[in-house]
Amino acid sequence: MANPRASTAKKPHRMDPVVRAAFASVIRELRLKLDLSQKDVAERSGYSEEYIGKLERRKHTPSLTASIMVSTALEEDPTDTFNKVRARMRRFKRLEGKDHEAADL
């Protein structure tokens with residue numbers, strides 16, 4: 001008998017909208033502070049400009065690799081970025097379990 005818990009379908013985590021919003025807010029703030037375009041961050045990080053834009057618009061939850069590379073591209077220690085995101089998550093708690101596009105930054 002197949003294990004019903006062995007499903008490979010990826011379900012979004014209820015905190016995904018919160019993490020996306022907090023990460024987007026932090027990286028946008030850092031990018032603007034450095035007076036960089038999304039294209040600049042893309043070139044520095046090795047990701048596409050489209051992907052950087054989607055991160056800022058909360059369309060994607062960044063992987064650990066993406067978080068590290070984008071942080072580094074923004075001249076920020078990834079640990080500091082993670083701490084800023086964690087601190088900012090409280091601000092976006094209302095998005096927990098909701099569609100990430102339903103609320104404004």
field: Atom pair OG/NZ of Ser48 and Lys54 - distance to nearest 0.5 Å
entry: 7.5 Å
field: CD-CD distance between Gln38 and Glu50, expressed to the nearest 0.5 angstrom
entry: 10.5 Å
field: Contact check, side chains of Met89 and Met15, non-hydrogen atoms, under 4.5 Å
entry: yes
Shortest non-hydrogen separation from His60 to Leu55 and the atoms involved: O-CD2, 3.7 Å
field: Lys93 side chain near Val18 side chain, heavy-atom distance below 4.5 Å
entry: no
field: Set of residues satisfying side-chain contact (heavy atoms from CB on, under 4.5 Å) with respect to Lys84, sequence neighbours excluded
entry: Val26, Leu30, Glu76
- prompt: Any side-chain heavy atom of Pro62 sitting closer than 4.5 Å to one from Tyr47?
  reply: no
- request: Taking the side chain as every heavy atom from C-beta outward, state whether Thr72 and Ser45 have any atom pair closer than 4.5 Å.
  value: no
query: Is there side-chain contact between Leu95 and Arg58, with heavy atoms separated by less than 4.5 Å?
result: yes
- request: To the nearest 0.5 Å, tell me how far Leu34 CG sits from Glu29 CD.
  value: 11.0 Å
Derivation and outcome, side-chain contact (heavy atoms from CB on, under 4.5 Å), residues Tyr51 and Glu49: CA-CA 5 Å; Tyr51 182 69; Glu49 182 178 357; over 6 Å; no
query: Should Thr81 and Phe23 count as side-chain neighbours, where that means a heavy-atom distance under 4.5 Å?
result: yes
- request: To the nearest 0.5 angstrom, please state how far the CG atom of Asp77 sits from the CG atom of Asn83.
  value: 9.0 Å
- request: Sequence neighbours left out, what passes ring-ring contact (aromatic ring centres under 6.0 Å, His included) with Phe82? Give chain and number order.
  value: none
task: Could you check if a side-chain atom of Leu36 sits within less than 4.5 angstrom of a side-chain atom of Arg44, using non-hydrogen atoms only?
output: yes
Arg28 side, atom CZ; Glu56 side, atom CD - distance, nearest 0.5 Å: 6.5 Å
query: What distance do Ile27 atom CD1 and Ile52 atom CD1 have between them, rounded to the nearest 0.5 Å?
result: 6.0 Å
